[in-house]
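I have placed the structure first, in the form of structure tokens, so that the comments after it can refer back to it.
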Amino acid sequence: MDMSDLPVPCTPREISQLVQRDRVHGSIYTSQAIFEMEMRHIFHRTWLCVGHASEIPEPGAYRTTRLGTQSVIMARGSDGEVRVLMNRCRHRGVALTETETGCVRRFTCPYHGWVYDTTGELKLVPDADAYGRGFDLSAYGLTPAPRVAQYRGFVFASLSPEGESLDEHLGPAKAYMDLFLDVSPLGEIDARAGVTKTSFRANWKFVGMDGYHPNYVHKTVYDLRRRRKPVGSAKGESFSDESANLTRDLGKGHVMLDVYPVRKANYASYLQSMSGRPGWDAYYAAMVQAWGQERADEILVWAGDPHIGVFPNLQLIGSQIRLIRPVAADVTEVLMFPTVLKGVPDAINESRLRAHEAFYGPASQGSPDDAEIFERNQIGLSAVVDPWVLLARGLDREKVDVDGSIVGTITDETTQRGQLKQWKLLMEQAA
Ligand code: FES
């Protein structure tokens, strides 16, 4: 089937054929018609991460965001419950709030003054008599997202009333989310340390989970690190075919760059280098007390960084919760929330935040270069003379691990194939 002149729009089943075992058609990154199908059949159907409950600790606190293309408010009600409400007045549909975050006693629509409480109940309609005697305020509360569930404070929502449970959706990803949280001796994080935002003119599917690019896109960073610390940061060690690190496809589109092997090999020298640093000894002792020696060391080998992509819009990298917000086929927003740990010395959290700023901040070593390469990728894909994109790297050397995940070396495109396999499946199911 020659799909270089694929007519659009076409059916989800035809679109699913654009993802093959070893290659994908460039139009899945560039076509606005395909983007709209992605929104309908993936983002408006599966579970999406909305945020973390620690962002809204007190009653009335809220954050606005989007589920796919639909605006929602994640709010903690006066009853303490976290809800995800459609940001759409029940009168004529105006967005109730434009601010990203805040704390309110009520949401008042700016158009005609309808007032909702923080649980979404409609409390006041100016001159309500005009609607007649049978008008029932309780029938016009803010519409909740059809399904909302949490995993250890991560708030997820689905715009589909039916489908697998969040527990089923997350599957093996939960164990890696645990690592991200349990690097706190209390097992708790706080996501109110701010947010690093980036917006670029490229498709959302480019973001993250590529172990092939660091030595090239981030060459300057690695050269610098090598100069400062000749041992333990050489090109071959973390992101090359010689590395012991792995790419991992956990299933359901959840994938990770598994950097455990190299960190494990360097753990003794890491501990030695950290000993005596501000806050470290107290932190290490608290971790051992909380989790026991073996589990504490396991978590600290990972450094609380599972480097995982939870399909389709959540990534946990370093200390950050990263949310991917597609805007159009060629426009994406990425929000990176650095987190701090509860129950640790301030110095530990300060070093987490400085490390985040250094690599992911607006004038940092890493993130701006990623955005630049995504935009160049989008420009390149606008050439459709030879529209297929090769994703075959490592295909013939993949193995199935004892936990059932598919593993490749760190530079392999196991991660991209894993994400797009789920993309294809959801498109096929929509057919
Ligand atoms: Fe909200 Fe009229 S649209 S009160």
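Whatever order the structure lists ligands and atoms in, that order sets their numbers, starting from 1.
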> From Cys109, does some N, O or S atom reach closer than 2.8 Å to atom 1 (Fe) of ligand 1?
Replying inline: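 Yes, within the cut-off.
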> From Cys89, does some N, O or S atom reach closer than 2.8 Å to atom 1 (Fe) of ligand 1?
Replying inline: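 Coordinating: yes.
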>> Taking Arg105 first and then Asp117, would you say they form a salt bridge - that is, a charged N and a carboxylate O separated by under 4.0 Å?
In response: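 Not counted as a salt bridge, because no side-chain N and carboxylate O are separated by less than 4.0 Å.
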> Going by the angle between their ring planes, with limits at 30° and 60°, are Trp114 and Phe135 parallel, tilted or perpendicular?
Replying inline: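 It falls in the perpendicular class, over 60°.
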> Using 30° and 60° as the class limits, which term best fits the ring planes of Trp280 and Tyr284: parallel, tilted or perpendicular?
Replying inline: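 Parallel, since the angle between the ring planes stays under 30°.
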>> Checking a contact table here: which protein heavy atom is nearest atom 3 (S) of ligand 1, and how many Å away?
In response: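 The closest heavy atom on the protein side is Arg92 N, 3.4 Å.
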>> As a test of reading the structure, name the N/O/S atom of His91 that is nearest atom 2 (Fe) of ligand 1.
In response: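 Result: ND1.
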>> Of all the N, O or S atoms in His112, which has the shortest distance to atom 2 (Fe) of ligand 1?
In response: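 Answer by atom name: ND1.
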>> Keeping Arg147 on the side-chain end and Gly163 on the backbone end, is there a donor-acceptor pair under 3.5 Å?
In response: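 Checking the backbone N and O of Gly163 against the side chain of Arg147, a donor-acceptor pair under 3.5 Å is found.
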> Can you tell me if Arg352 uses its side chain to pair, donor with acceptor, with the backbone of Thr339 under 3.5 Å?
Replying inline: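 Answer holds: yes.
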